[in-house]
Amino acid sequence: MNPGTILLVEDNPSDIDLTRRALAKCSVAHQLVVAEDGQEAVDYLFGGKHNPALEPDQMPSLVLLDLNLPRTDGFEVLRRIRSNDITRRLPVVVLTTSLEKNDVGECYDLGANSYIRKPVDFAQFVQSISHVVLYWLVLNEQPPPKTR
Amino acid sequence: MPTLFRTFQADADSRLDLNERLRRANAFLEGLVASANVPIVVWDAECVIIRINHAFETLADRGETELVGQSIEMLFPPTLAETMMAEVRKTLAGHGLQAIELPIMSRDESVHSVLWNTATILDKDERMPLAVIAQLQDITDHKRVIAALHEGECLFKEFQRAAVIGSYKFDLNTGAWESSDMLDQIFGIDEYYERSIHGWLDLVHPYDRQAMERYLREPAMAKRQRLNSEYRVIRKSDGQLRWVHGLGETYMEGETAPMSLIGAIQDITERKRAEEAQRESEQRFRMLIENSPDAHLIIEDGIRFVDCNRSALDMLRLGSEEELFGMTPMDLSPERQPDGRYSREKSQDMYNTVLAKGSHHWEWIHCRANGEQFPVDVLMTAIPIHGKMLLHAVWRDITERKQAEAEIKLLNAELEQRVAQRTAQLEEANKEMEAFSYSISHDLRAPLRGIDGWSLALLEDYGDKLDEQAHSYITRVRSETQRMSLLIDDLLALSRVTRAEMRRESVDVTAIVQVIANRLKEADPQRTVEFVIQPDMFVEADARLLEVALTNLVGNAFKFTSKTANARIECGLTDVQDQPTCFVRDNGAGFDMAHAHKLFSAFKRMHSNAEFQGTGIGLATVQRIIRRHGGRVWAEAQVNEGATFYFTLGASQ
């Protein structure tokens, strides 16, 4: 059975690679799909110039979403995910550096499932990622995929 | 000798017999008595009435049958009868009454004043009285007239006294004059005063003397016209000046020769003084209004100017009052007022308000004679005089005030615009600041995570190829990265303190400090620190900000006692200069007060990082929080003796 995908929305190449490294350390079988900005993430999920929209059963098991992105920012991506019937139930974990109260609040208001601050210490970062993966992909019961 | 008597004598001389002569004489006397127009009564020696005539009957209002045979006493009023009878008896003794007044009471009990004349008829020896014949004259009416005259004279005197009117009579031929008592009082003269032309002129005030003299000396015929003049006299008795009003009328003897000047003189000094005071008062008011810089105008019937002062003419650029009096207020108003209403219509509203309220105040645009429009402040008062309604208008030219107002308005608008600009700029700056903080939070931290992450990756993937030295360098890189991360966090906290909205409420300081103390102890369980926290400390402050400040202060105390045995941290409330003041005291490293002025500046530190780690932002944050509360923060310290930080929280505490 296809182990599914994790969608990482992140524009910092270093963070992308570090996240990939951290995920590798947790021995996760899921395939990591990276969108380097908000628009790319939206295109990937809902279809764009170069690709059709994802089928409901191809939807990622988890979205790791950074907020501070060029062009379409993380809030907009979250808003789009929650306003679409197919993606409404996707687990979205905001993974960002910001600890601004407003940001945290707004993310929850928009329907984020979780809000994690990326620690500077890489060891702590790896730990955080493994906690998130363990929780959302193993412990948590996945929402059933929506059909069109 | 009267003819009648002569006839009688002639008869006596005739040869008629004695009887015949007696009969004739008797008839003659009878006729005389009976027809006489004067009352006649005859009584005998016993005072019994024996004869009356018709005139007497009328006087006594009784008939002959009632009177004849009765005592004469019945004629007198009972109360006076005795005295009267004494008089009557005297007549019998030969003492005739000569125009003696004895009253008579008629039937209706009215008393008549009567003058009595009597003749006593004696016997042939002329010794014994036989009868008395009395002829009476009723003077009742005469007496009434006399009494009335007397009363009139008294009244006249009273009247003179009350009105302070004296009267005089001037003999124009001799120059002598007579004066009434009241006139003497007015003139202050006595009976010995020289009542001549000279004496008269001497009374008159020198200012008026010439005119008086001219009048008195001019030909008598010229005085036929009535004299009527007001002049001054000097009162002789006290030298006071008195104003008098003299009236005089010449009386002619025949058609041509004036005989006397008769007249009245009234003392009008009080009236004159009142008039003078009135005139002065009026003049004063006139001066007040005339010299007022405001225009004063009197409007009659709401349309016609009837009076004004100089300022009104100046204000309207008019040459004379006459020009104004030909105008109505509408001639001096533009067609419309600034609010767009027709002047005619709006002014009618204003007049109605004035009439209803008595007085009203408004602003108006008027026109000068040259057509120039100018703003005035109008104060109008309704003044009812002699059944007419006059309007008193005071116009104040408020051109300058209006200009000033306009200027102020303009300045205010400019100021407001500038404030709006500044506010926008500030908002912009705040937004930039926020964006800046945001980017610090994201963009500065991300590379740090990279540095740390790849350093670790280096260790993990190539650790076996690196010597010990290289391992230690990489550890240094990672610890510096951590420090940088802390610095960013603190800077963010500082900027957040500045931007955060403040909301004062009652804050439980004891509870906050307790939580902080517990957190610190848990984070560093090896340490033993004694916390002394005053119970029930409450202050008015923003809870979130105060917590940040206390976290810094207590955290500092915890940090700087890390090398002190028996570390003790105390937190309490005290009064400093009557201000409730919070303090956090420790017995740790302390610092040199010589550097106290740098204590609260960002990045300034009292200790090296080797001694105590820190970013140098904590106290800057504390100061910013305290200042935002309007309070003050300061410290007292000694090296190795500990430090005490004090702060107040501003006015609302």
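Lettering of chains follows the sequences in order, A, B, ..., and the numbering in each one begins at 1.
The two atoms that bring B:W454 and A:S14 nearest to each other are NE1-OG, 2.8 Å, heavy atoms only. Between A:A123 and B:L456, the shortest heavy-atom distance links the atoms N-CD2, 3.8 Å. Smallest separation of non-hydrogen atoms from B:A446 and A:N12: CB-ND2, 3.2 Å.
Heavy-atom distances place the backbone of A:P119, and not its side chain, under 4.5 Å from chain B.
Few gaps surround CZ on A:R82; more than 12 heavy atoms of other groups in view lie less than 6.0 Å from it. Under a cut-off of 6.0 angstrom, the local environment of CD in B:E468 is sparse, with at most 12 non-hydrogen atoms contributed by other residues, nucleotides or ligands. Around CZ of B:R422, the count of heavy atoms belonging to other residues, nucleotides or ligands within 6.0 Å does not exceed 12. Around the OH atom of B:Y473, the shell of radius 6.0 Å holds no more than 12 heavy atoms that belong to other residues, nucleotides or ligands. Environment of CZ in B:R476: sparse, with no more than 12 heavy atoms of neighbouring residues, nucleotides or ligands closer than 6.0 Å. Atom CZ of B:R628 sits in a crowded spot, with more than 12 heavy atoms from other residues, nucleotides or ligands closer than 6.0 Å.
Most heavy-atom pairs under 4.5 Å with chain B, from the set A:N68, A:V126, A:D15, A:L67: that is A:N68. Chain A forms the most heavy-atom pairs under 4.5 Å with one residue out of B:P447, B:S455, B:G450, B:A457, and that residue is B:A457.
Contact residues of residues 127-139 of chain A toward chain B are absent (heavy-atom distance under 4.5 Å).
The distance from atom CZ of B:R449 to atom CZ of A:F125, rounded to the nearest 0.5 Å, is 6.0 Å.
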Check your understanding: Are B:D452 and A:Q124 close enough, and set up right, to give a side chain to side chain contact (heavy atoms under 4.5 Å, CB included), and what steps lead you there?
Key -> CA-CA 11 Å; B:D452 190 68; A:Q124 282 176 36; over 6 Å; no

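Ion pairing of B:R483 with A:D121 is absent here, as no side-chain N (NZ or NE/NH1/NH2) approaches a carboxylate O to less than 4.0 Å.
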